[in-house]
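In what follows, a single structure is set out as structure tokens and then discussed.
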Amino acid sequence: MDFQYNTEQLALRDSMRAFLRDAAPLSRVREIAGASGHDAQLWRRLCRELELPGLPVPLQYGGVGGTMSELAIVFEEFGRALTPIPLASHMFAVQALLSMGNEEQRHRLLPGLLTGELVAAFAATGAGVTDPMSATVSATRHGSRIVLDGICSPVLHGHVAGLFVIPARTDDEVGLYVVSAEAAGVEVERLSSFDITRPVARVALRQAEAEPIDAAPGEFERVLDTARVLLAAEMLGGAEACLQLSVEYSCSRKQFDRAIGTFQAVKHMCAEMAIEIDATRVAVMFAAMRAGDPGELAVAAPLVKAQAADTFALCAGTATQVHGGIAFTWEHDLHLYLRRAKTTEALFGSSTQHRALLADRIGL
């Protein structure tokens, strides 16, 4: 397999990087993070002008008809910029509808999601979402109605969502259900988040009417695997930003009349970051390219999520050491990446849990 992006993909990467550098610099990220945590104006531009939510959606549903590789490139650039928009949670929900929804649901729900008029939140980011015993929401049928009871937390950007895709348990299985944020019995509360660039919410459901998303066995796990790959791409971008900040600082900061980048210890730290980033980049590209094969995706997804989480945490921690005391100050941007690294590391389960999942899937 050729691990290189083609000309069009490289152009997409470069254009997204330039766009975010101009439209969402870290000064703007800080401003939005201190308010709603959601740049609504930028979100509208991304949806209407760049059509990002429609990137992996087939043409018959109003999408662009791209591949998972293009979407992974976009996630990587948004991870590099820490852009405060609900792209991750929204796209996970779109993927759930594409993979598990029926034709009527896709034609009815996707148009609003692709234009950004309707923001969706995927409420299945916990460690045990596929385990019926660990699901925190239950689904009960009352005649022709299905109602949900329980609490989902944390839900990424849940406070700005108009639609929730929620995992709920029945007697012996977990399924996905669509719930409107305006439905009776739905209460959304914004919570404090360690990652100030990605706010979270608590969604309480009390006899809230829901619409089931029916699918063949295994499709729910495939949706989660797709989300793991996209999240890994986002973490790759964050790790690359940490290395870039470290290299720039080590070339400009002087000690004993020398740039600290000439010291062997600093060189070794930057080299270790670069090596781990290269390994993660290959894993992300492979997982994105093979996302259409359920068998290979099932192996690649937990592997790349664990690899990317460890790499991002390593790079954020090492970059903090390179910067010294200044990295711990509120004025420096590095702490934003450290916060993102620690929170994304826990999404869908820890690296240890993902390696255990990988071992189970390959029969070890």
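Please read these numbers as outputs of a predicted model, since none were measured by experiment.
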Spacing of [atom1] belonging to [X] relative to [atom2] belonging to [Y], to within rounding of 0.5 Å:
X: E209; Y: E211; atom1: CD; atom2: CD; value: 9.5 Å
X: K305; Y: F348; atom1: NZ; atom2: CZ; value: 8.0 Å
X: R48; Y: L46; atom1: CZ; atom2: CG; value: 11.5 Å
X: L109; Y: E104; atom1: CG; atom2: CD; value: 7.5 Å
X: L334; Y: T320; atom1: CG; atom2: OG1; value: 4.5 Å

Within the structure provided, determine whether [X] and [Y] are in side-chain contact (heavy-atom separation under 4.5 Å).
X: Y337; Y: C315; result: no
X: V147; Y: T140; result: yes
X: I151; Y: R202; result: yes
X: D293; Y: R290; result: yes
X: D149; Y: S138; result: yes

Practice problem: Please report the C-alpha distance between E76 and R13 in whole Å, then the side-chain angles of each, then the deciding distance to 0.1 Å, and finally whether the salt bridge (charged side-chain N to carboxylate O under 4.0 Å, His left out) criterion is met. | Solution: CA-CA 9 Å; E76 182 179 343; R13 183 198 65 187; over 6 Å; no
Self-check item: Donor-acceptor pair between R339 and T197 side chains, under 3.5 angstrom
Solution: no
Whether [Y] and [X] form a salt bridge (side-chain N of Lys/Arg under 4.0 Å from carboxylate O of Asp/Glu) is what I want to check.
X: R169; Y: E173; value: no
X: E240; Y: R281; value: yes
X: R28; Y: D22; value: no

Quiz item: Does H90 reach the main-chain N or O of A121 with its side chain, forming a donor-acceptor pair under 3.5 Å?
Solution: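 No; judged by distance alone, with no hydrogens or angles, the pair does not exist.
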Quiz item: Okay, side chain of T318, backbone of M269: is any donor-acceptor separation there less than 3.5 Å?
Solution: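 Checking the backbone N and O of M269 against the side chain of T318, no donor-acceptor pair under 3.5 Å is found.
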Just list the side-chain donor-acceptor pairs under 3.5 Å for residues 61-73, sequence neighbours left out, or say none.
{"residue": "Y61", "atom": "OH", "partner": "E103", "partner atom": "OE1", "Å": "3.1"}
{"residue": "Y61", "atom": "OH", "partner": "E103", "partner atom": "OE2", "Å": "2.5"}
{"residue": "Y61", "atom": "OH", "partner": "R106", "partner atom": "NH1", "Å": "3.0"}
{"residue": "T67", "atom": "OG1", "partner": "S69", "partner atom": "N", "Å": "3.3"}
{"residue": "T67", "atom": "OG1", "partner": "E70", "partner atom": "OE1", "Å": "2.3"}
{"residue": "T67", "atom": "OG1", "partner": "E70", "partner atom": "OE2", "Å": "3.4"}
{"residue": "E70", "atom": "OE1", "partner": "T67", "partner atom": "N", "Å": "2.7"}
{"residue": "E70", "atom": "OE2", "partner": "Q9", "partner atom": "NE2", "Å": "2.7"}

Quiz item: In chain order, what residues pass the salt bridge (charged side-chain N to carboxylate O under 4.0 Å, His left out) check against R198, with sequence neighbours excluded?
Solution: E234
Exercise. Kindly work out whether a path of hydrophobic side-chain contacts (I/L/V/M/F/W/Y, heavy atoms less than 4.5 Å apart) joins V155 to V94.
Key: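 No: no chain of side-chain contacts under 4.5 Å links V155 to V94.
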Quiz item: Under 4.5 Å between side-chain heavy atoms, hopping through other hydrophobics if needed: is there a path connecting L20 to L52?
Solution: yes
Quiz item: So does E182 have more than 12 non-hydrogen atoms from other groups sitting under 6.0 Å from CD?
Solution: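 12 or below, so no.
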Enumerate, atom names and distances included, each donor-acceptor pair closer than 3.5 Å involving a side-chain atom of residues 356-364, sequence neighbours excluded.
{"residue": "R361", "atom": "NH1", "partner": "D225", "partner atom": "OD1", "Å": "3.1"}
{"residue": "R361", "atom": "NH1", "partner": "D225", "partner atom": "OD2", "Å": "2.9"}
{"residue": "R361", "atom": "NH1", "partner": "A298", "partner atom": "O", "Å": "2.7"}
{"residue": "R361", "atom": "NH2", "partner": "E221", "partner atom": "OE2", "Å": "2.4"}
{"residue": "R361", "atom": "NH2", "partner": "D225", "partner atom": "OD1", "Å": "3.4"}

Self-check item: Chi angles and distances behind the side-chain contact (heavy atoms from CB on, under 4.5 Å) call for Q41, D39
Solution: CA-CA 6 Å; Q41 180 180 358; D39 192 336; 3.9 Å; yes
